[in-house]
Amino acid sequence: MRLKLFGVTVLSLGILAGACANASTGDGPGDGGTGPGTGATGPTSPTGPTGPGPTGPGQLVLRIEQGGGFVAIQYNLTRMPMLSLYDDGLLVTPGAQIEIYPGPALPALSQQHLSPDAIRLLIQAAIDVGLDKDRDYTDLGSTMISDAPTTTFTLTIDGQTHTTQVYALDFDLGPAPDRMSKEELQARKDLQAFQAKASDLSWLPDGSVTDQGLYQPTALRIFSSPYQPDPELTQAPIAWPLTPGLDLFGDSEQSTPGGMRCGTVADDETASLLSLAEQANQLTPWTSDGTRYGLLFRPLLPDESGC
C-alpha cells in the first residue's frame, strides 16, 4: 500500500476587530459592492481603538470555509474550515493529510501564531477586497455551474461580524456569464486574487508567523450510525470508552440527514477518546454493549460547541 503526504493549501487571511467579543454571524445579503468599506479608516489595532479589547483566547476573528457541493454527506459533516483566526493570534488550518484508504479517523490540524503586525497587514488586505461588508454571490444561475461548493468568509471588525458567500469561487468563469454583472465578476476576481495572496504567509514580516505544530482539540463532535463494513477490508474493533454507551450517546433530535446521531465530548473525556481515535481509521468499528457502530469525528475549534 502506498502512502502519500500532501500539503493542504493555507488560505491565510486575517480580519481583527477591536471589540471581538461579538462572534455572531451576519446573514443578510450585502449590496454587491466590491470596494473597501466606506466607514473604515484603516486597520484597527489588536487591542481595539473603538471599544474594549479582546476578552481572551477563543474569540473568532476570521474564518474561511467551504460547504455544499456534490460530495458525500459524511464529507460535509466532518469538513474543517480552511482557516480560523482568533484574537490572540492563533491560526488553525488543515495540516498535511495521509492519502490512504481508509483515512485516519481524525484530520491533522496545524496551528500557527500571528504577531499583531501580521494581523494588521492581513486586516488591510481583507478590507481592500471588501470583506468588511455583507455580500452574497450564490446565484447558481449567474455562474452556469452546478454542484460546486460555496466559499464563506466570516470576519469580525469593530464589533461587527460580516459574511461574504461566493458560489463556485474556485472555478475559472472566463468572460462574464450572460447573467452575471460586471460588478460581481470583478468581486470574484478580487476574492480569487486575495486567496492566492493569502495562501502564502511568506510576504508577512520576518518572524511575524510562528509555527506551533499540530493543533490539539479540547472537544470533539461525533456522529454515530450502525456500522457498515467494507467486505474487502477487515478492521480491528475499538471499545467505546465513555458513559453512556453509543446507543444513548448524543441527542436523538440532533440526527443528521444521513440518519446519524450527533453528540459532543469535552475536557477529560476528549483526552481519553483522542488516544483511541488516533489509532482508528474511518472504517474502524466501535463497539458498545455488544453492538458495532461507525463513528465520524469532527474536532471542535475554540469558538465551536455542540452539534
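- For the pair T264 and L300, the minimum side-chain heavy-atom distance is below 4.5 Å.
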For this session: List the steps, then state whether salt bridge (Lys or Arg N to Asp or Glu O under 4.0 Å) holds for R298 with E304.
Result: CA-CA 11 Å; R298 166 55 161 84; E304 297 176 324; 2.8 Å; yes
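- Between the side chains of N281 and Q235, at least one donor-acceptor pair of N or O atoms lies under 3.5 Å.
- You'll find the side chain of L131 reaches within 4.5 Å of the side chain of F194, heavy atoms only.
- Between the side chains of T150 and Q165, no donor N or O sits under 3.5 Å from an acceptor N or O.
- A distance-only check finds no donor-acceptor pair linking the side chain of R221 to the backbone of C262 [under 3.5 Å].
- Although no hydrogens or angles enter the test, the distance criterion places no donor-acceptor pair under 3.5 Å between the side chain of R179 and the main chain of D139.
- When atom types are taken as modelled, the side chain of Q192 and the backbone of F171 share a donor-acceptor pair closer than 3.5 angstrom.
- Side-chain atoms of Q74 and M260, non-hydrogen and from C-beta on, do get closer than 4.5 Å to each other.
- Side-chain atoms of D117 and S115 form no donor-acceptor pair, as typed in the model, at a separation below 3.5 Å.
- The backbone N or O of S208 lies less than 3.5 Å from no partner atom in the side chain of H113, so there is not a single donor-acceptor pair.
- With L62 as reference, L83 is the one residue of L122, L91, L83 to meet the side chain to side chain contact (heavy atoms under 4.5 Å, CB included) rule.
- Proximity of a side-chain donor or acceptor of S181 to a complementary backbone N or O of E184 within less than 3.5 Å is detected.
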For this session: Let me see the working for W286 and F223 under ring-ring contact (aromatic ring centres under 6.0 Å, His included), right down to the final yes or no.
Result: CA-CA 12 Å; W286 291 76; F223 301 94; over 10 Å; no
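- Considering only heavy atoms from C-beta on, L191 comes within 4.5 Å of R135 through its side chain.
- A donor-acceptor pair shorter than 3.5 Å can be found between the side chains of T161 and T156.
- Side-chain N/O atoms of R63 and S84 include a donor and acceptor closer than 3.5 Å.
- Two residues are said to be in side-chain contact when any heavy atoms from C-beta on lie closer than 4.5 Å; T291 and L246 fail this criterion.
- The backbone N or O of A187 lies less than 3.5 Å from no partner atom in the side chain of Y137, so there is not a single donor-acceptor pair.
- Formation of a donor-acceptor pair under 3.5 Å by the R292 side chain with backbone atoms of P229 is not found in this model.
- When atom types are taken as modelled, the side chain of R261 and the backbone of S225 share no donor-acceptor pair closer than 3.5 angstrom.
- The aromatic ring centres of Y227 and W240 sit 6.0 Å or more apart.
- Formation of a donor-acceptor pair under 3.5 Å by the Y167 side chain with backbone atoms of A148 is found in this model.
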